[in-house]
Amino acid sequence: MKKSKVHPYIPNSVPEVKEEMLREVGARDAEELYSRMIPERLLMKRPMDLPEPLLSELDLRRHVEGILEGDWDCSEYLSFLGGGCWNHYVPEVCDVIASRSEFLTAYAGGVYSDLGRFQAIYEFQSLIGELVDMDVSCIPTYDWGAAAGNAVRMASRVTGRKEILVPKTISPARLSIISNFCDSVHKPDSINVKTVDYDRETGALDIGDLEGKISESTAGVYFENPTYLGVIEPQCAEITSIAHEHGAFAVAGVDPISLGVLSPPGEYGADICCGEAQPLGIHMLAGGGSCGFLASKDEERLVGEYPARMLSITDTEVEGEYGFGQAKYERTSYIARESAKDWVGTTTGLWAIVSAVYMSLMGPQGMRELGEGILQRSHYAARLLEEVEGVSVPFRGFFKEFPVNFDATGKKVSEINRLLLDKKIFGGTDVSGEFPELGQSGLYCVTERHTKSDLDRLVEALREVL
Amino acid sequence: MEMTNPGERGIVTPAVDEEIKNAVGDASSLVPASAMRKRAPGLPELSQAQVLRHYLRLSQMTLGMELDIDLGVGTCTMKYSPKVNERLVAGMADVHPLQDEETMQGLLEIVYKFGHVFLREISGMDAFSFQPPGGSAAVYNNAVIMRKYHEVNGELEQRNEIITTIFSHPCDAACPATAGFNLVTIYPDPETGLPDTEALKAAVSERTAGMFITNPEDTGIFNPEIDEWTKMVHEVGGLCSYDQANANAIMGVTRAREAGFDMCFFNLHKTFSSPHGSSGPGCGGVGVVEELEEFLPVPVVVHRDGKYHLDYDRPNSIGRVRDFMGNVQVVLRSYAWCMAMGARGLREAAEVSMINNQYLEKKLLEVRGVTKPYSTEGRIDQIRWSLEKMKEETGVGVGDLNRRVIDYGVQSFFTSHHPWIVPEPFTPEPCETYSKADIDYWVSVVQRVSDEAYSDPELVRSAPHNAAIHKIRSTPFDDPDRWAMTWRAYLKKRGKI
């Protein structure tokens with residue numbers, strides 16, 4: 001080996017130190033120690049065949065940045081992509097806190113050593129509680145799909161029923177995650193996932209179909225607001241009532257960025273709520289910014305069924321001091337193993353902290369203004385798009401996303417998106433395969449990042465390519 | 001939230017162009033009245049500097065990993081996360097996961113190569129997925145693959161049992177159970193601590209769907225018959241999934257392939273240096289043998305015709321366990337870390353971690369009241385120690401020690417998952433990040449607290465004395481009338497807590 005044996009990330013790779021430590025433990029070398037613990041037949045007898053290391057930090061940066069050099073992103077292209085990961089603005093303060101090494105590198109420290117981490121995550125629970133208007137929340141999970149999977153399993157366990165209803169407009173990826181949660185080795189133990197149709201005119205849930213499908217076997221009605229296709233669900237209270245009339249839980253999936261203007265689940269009486277916190281100050285990171293949250297009414301039967309860890313506030317020996325601890329910890333898999341309420345693990349702690357910062361920065365006024373601005377921009381975009389020949393927008397009551405139909409242009413969405421790409425525009429996600437009934441449609445997303453000139457540019461580009 | 005000052009705000013949102021406003025009118029005209037929020041959310045109203053100060057202070061009240069010697073958290077591999085990798089990750093902040101593949105060839109190349117170059121060589125597995133966003137998520141992913149495999153083979157009804165060991169992570173039991181399997185848990189030989197091969201012989205049957213197991217176990221004991229174990233499971237038609245959440249001290253030393261496993265996973269936020277992020281985002285990088293590749297979650301990153309693609313066309317795929325591609329930024333960091341290490345560096349990290357543990361063992365054995373349970377001498381990466389003797393002799397137990405070490409600026413340590421087979425357990429893991437001086441200091445803290453326990457036990461029992469808060473007085477955590485998972489619930493229940 002030509003290169004130095006001392007590695008900057010390994011202090012004890014200094015040969016003299018290593019030798020001294022080996023002397024202390026009475027061994028000649030590492031091989032001797034390994035051979036005392038691992039049978040000869042299982043020991044790797046050759047060096048690993050891997051690329052030569054880039055020991056200098058500068059060389060490493062050149063190498064990795066060189067690979068990524070040809071990539072493009074949504075700061076360089078004008079993007080209308082959404083569908084579960086959204087291009088919202090991330091305030092600088094969020095990045096400052098996200099990069100604090102204490103939060104970035106903390107893990108399993110206790111409340112006395114990592115009090116700040118406990119409090120910041122407790123604040124996340126509290127602020128989510130305010131936004132969704134519910135009293136219980138927990139440490140976040142991986143993404144909206146995982147949160148929804150947890151929520152419907154909670155509903156099934158409490159009711160003892162094995163069926164959930166989900167909207168047909170659900171994201172197919174999210175449905176796949178939920179289905180994996182609901183399937184079981186023994187088919188009778190599986191939770192049966194049934195879809196409820198939507199009104200082709202409005203995109204809202206088809207109440208008639210819901211009433212036809214719900215029964216005393218239904219554990220929960222899962223519905224979304226806004227839906228995956230962007231539509232604001234105007235019948236949340238009605239859906240909730242129908243669920244309750246059948247002894248089922250109303251489980252709402254929400255985009256929290258909408259909740260400065262849209263009615264929160266607590267207002268319409270939902271029992272459990274879930275959603276995706278990525279819009280709350282978390283970068284998209286090619287999907288790595290996902291952060292699912294769960295909240296519910298403060299009922300013992302529900303709290304006892306959460307799979308995730310949840311923090312409760314408490315007091316200390318000194319008046320006025322707050323401490324934190326794990327509520328009903330025995331239900332988690334850390335304690336109960338196979339008897340636990342599902343499973344729990346490392347999820348998205350850092351994103352909980354970042355979104356707490358975001359919600360604190362925004363306040364009620366910021367959340368309302370942001371939501372209003374998004375509504376105005378998205379509706380303006382839709383109007384402009386409809387002025388393009390052959391382009392239509394099938395649904396009216398949407399928040400920030402809406403399908404744009406290109407059937408009358410005779411072109412496929414994939415083809416249009418490829419042409420837009422040449423103009424440095426990411427067109428809306430092609431949903432024509434996921435929702436064939438919508439024809440050749442792209443799901444367009446408009447956020448506070450879009451200016452009027454961005455929207456004009458899209459329309460101009462479409463006029464050119466269609 | 002107590003700090004709120006009505007009227008203040010932390011940030012101004014971008015103004016809507018007048019032309020847009022004129023064209024569409026008020027936002028309220030775009031939403032049905034019934035769908036509008038009636039009461040504003042009770043978020044705090046604070047200026048930007050106040051928000052920043054508050055969270056900076058909270059960060060300062062967090063010891064984390066980088067400010068101290070965090071070698072006490074065994075099974076978690078609290079290793080250094082190189083700062084340069086954070087800069088690399090910042091460059092992918094604005095990538096949308098549904099962008100055209102053409103625009104993220106570099107990112108896909110990194111994901112592909114991290115699997116097919118690095119993890120392939122480290123594990124001996126053939127195909128990889130980084131969609132599972134954590135270690136438990138990877139175990140769950142593998143349980144769902146196992147379910148699908150037996151379903152496709154028409155044997156799922158018959159094969160409903162999963163075998164694990166009590167010193168494997170609890171998720172190795174909980175995740176298969178969530179997928180619908182029954183669990184059979186094997187306990188170690190009480191004398192040696194070695195996984196009990198006779199118990200496995202008795203456990204395997206035509207009902208066995210597979211095995212989920214850690215090796216070395218939480219005790220640091222490496223099962224020397226692990227290849228026999230996988231063989232026994234295979235002989236009855238089961239699959240073997242290797243929990244390599246923490247494989248830090250065996251990289252380049254021994255592999256999943258030679259031990260006979262069909263699947264494995266690595267926690268990239270442990271062994272592969274991605275920061276733990278206050279408990280995520282992480283990644284459980286899954287590797288499988290060729291026979292199981294068809295079951296991996298979609299999309300799978302493939303290399304065809306000189307380009308990288310996201311392959312969704314996999315009829316036997318389990319579908320999704322996480323939206324999009326998972327936590328790609330974690331893969332990027334891990335790739336960069338491996339490129340900085342190379343084959344020799346990875347092996348060096350493993351060797352030094354193992355040697356550090358031997359050194360720590362020698363030093364800790366000198367501390368009064370600390371014992372090493374089980375007669376098996378060799379422990380690879382960590383040891384589950386016991387303070388039972390100290391507890392009996394002084395009344396000071398592991399909970400007291402865990403509070404007292406904080407007074408000396410050391411992060412609290414990991415005790416054990418439940419059940420506590422080892423009484424008064426604690427499980428340090430001195431990975432390659434820590435210098436000899438670090439280890440010496442850490443042991444000196446334990447030594448000092450031991451001295452205190454034997455001379456002034458109340459000093460330890462009443463700890464912490466130098467932390468941000470004093471000892472927690474009440475524990476309302478199981479009482480519905482007193483628990484408060486949000487501030488609004490606290491305000492409603494105040495007085496009861």
Side-chain angles (χ1 to χ4, degrees), chain A residues 10-11 25 30 37 48 50 53 67-68 71-75 81 97 100-102 105-107 110 112-113 115-117 126 129-130 135-136 142 176 184-185 234 283 286-288 300 312 316-317 323 327 333 335 337-338 343 345-350 361 363-364 370 372-373 375 379-380 452, chain B residues 10-11 13 16-17 20 24 27 32 40-42 45 55 58-59 61-66 93-97 103 106 133-134 136 170 173-174 177 180 183 276-280 282 319-320 324 327-329 342-343 351 358 378 406 412 418 432 435 467-468 470 472 477 480 483 486-487 489:
Chain A
I10 313 178
V25 301
M37 297 183 272
M48 288 185 286
L50 294 174
I67 295 175
L68 296 172
D71 286 6
W72 297 99
D73 66 22
C74 300
S75 68
L81 294 166
I97 298 301
R100 287 293 293 188
S101 106
E102 299 90 333
T105 65
Y107 196 33
Y112 300 107
S113 50
L115 179 75
R117 172 172 64 89
S126 296
E130 295 296 340
D135 284 353
V136 170
Y142 306 107
S176 177
S184 185
V185 169
H283 291 287
E300 188 177 5
S312 170
T316 77
E317 286 173 341
S333 56
I335 305 280
R337 295 178 70 91
E338 67 268 25
W343 48 274
T346 296
T347 55
T348 49
L350 189 64
L361 284 170
L370 188 79
E372 288 174 347
L375 273 163
H379 282 260
Y380 179 76
K452 179 178 173 297
Chain B
I11 195 156
T13 57
V16 180
D17 192 287
I20 293 180
V24 301
E45 296 176 67
Y55 285 101
L58 291 186
S59 74
M61 286 193 270
T62 303
L63 196 49
M65 175 268 165
E66 284 176 341
D94 293 323
V95 177
H96 191 285
T103 64
S136 296
L183 267 291
H276 291 72
S278 289
S279 194
R320 304 264 194 169
F324 311 117
N327 290 323
V328 187
Q329 74 276 26
E351 287 185 4
Q358 315 307 310
I406 294 159
S412 57
H418 289 254
E432 80 276 10
S435 68
H470 297 78
I472 285 173
F477 306 127
W483 69 39
T486 55
W487 183 251

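Below, chain A is the first sequence line, B the second, and so on; all start at residue 1. When reading the values below, keep in mind they use all heavy atoms of this one structure, side chains included, and skip hydrogens, waters and symmetry mates.
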Closest heavy-atom contact between [X] and [Y]?
X	Y	value
Ala106(A)	Thr62(B)	CB-CG2, 4.0 Å
Gly288(A)	Gln329(B)	O-NE2, 3.0 Å
Glu130(A)	Pro41(B)	O-CB, 3.8 Å

Side-chain donor/acceptor of [X] to backbone N/O of [Y], under 3.5 Å:
X	Y	answer
Ser176(A)	Arg320(B)	yes
Asn327(B)	Gly282(B)	yes
Thr348(A)	Tyr142(A)	no

Who wins among [options] for the most heavy-atom pairs under 4.5 Å with chain A?
options	result
Gly342(B), Gly319(B), Gly134(B), Ala467(B)	Gly342(B)
Pro97(B), Ala468(B), Gly378(B)	Pro97(B)
Met61(B), Gln358(B), His470(B)	His470(B)
Val16(B), Val24(B), Leu183(B)	Val24(B)
Ala93(B), Ala40(B), Pro480(B)	Ala93(B)
His96(B), Glu45(B), Glu66(B)	His96(B)

Residue [X] versus chain A: region with a heavy atom under 4.5 Å:
X	value
Leu63(B)	both
Pro32(B)	side chain
Phe324(B)	side chain

Side chain / backbone / both / neither for Arg117(A) at chain B, heavy atoms under 4.5 Å: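 Both the backbone and the side chain of Arg117(A) come within 4.5 Å of chain B.
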
Can you tell which part of Ile97(A) gets under 4.5 Å to a heavy atom of chain B, answering side chain, backbone, both or neither?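 Contact with chain B: side chain only.
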
Would you mind telling me which of [options] has the largest number of heavy-atom pairs within less than 4.5 Å of chain B?
options	result
Val136(A), Thr346(A), Leu375(A)	Thr346(A)
Asp73(A), Leu350(A), Asp71(A)	Asp71(A)
Ala327(A), Ser333(A), Pro364(A)	Pro364(A)
Ile335(A), Leu115(A), Leu81(A)	Leu81(A)

Verify side chain to side chain contact (heavy atoms under 4.5 Å, CB included) between Ile472(B) and Tyr112(A), making sure each step is shown before the conclusion. CA-CA 9 Å; Ile472(B) 285 173; Tyr112(A) 300 107; 3.6 Å; yes

Within-4.5 Å side-chain heavy-atom neighbours: [X] and [Y]:
X	Y	value
Tyr107(A)	Ser279(B)	yes
Pro170(B)	His418(B)	no
Glu300(A)	Trp483(B)	yes

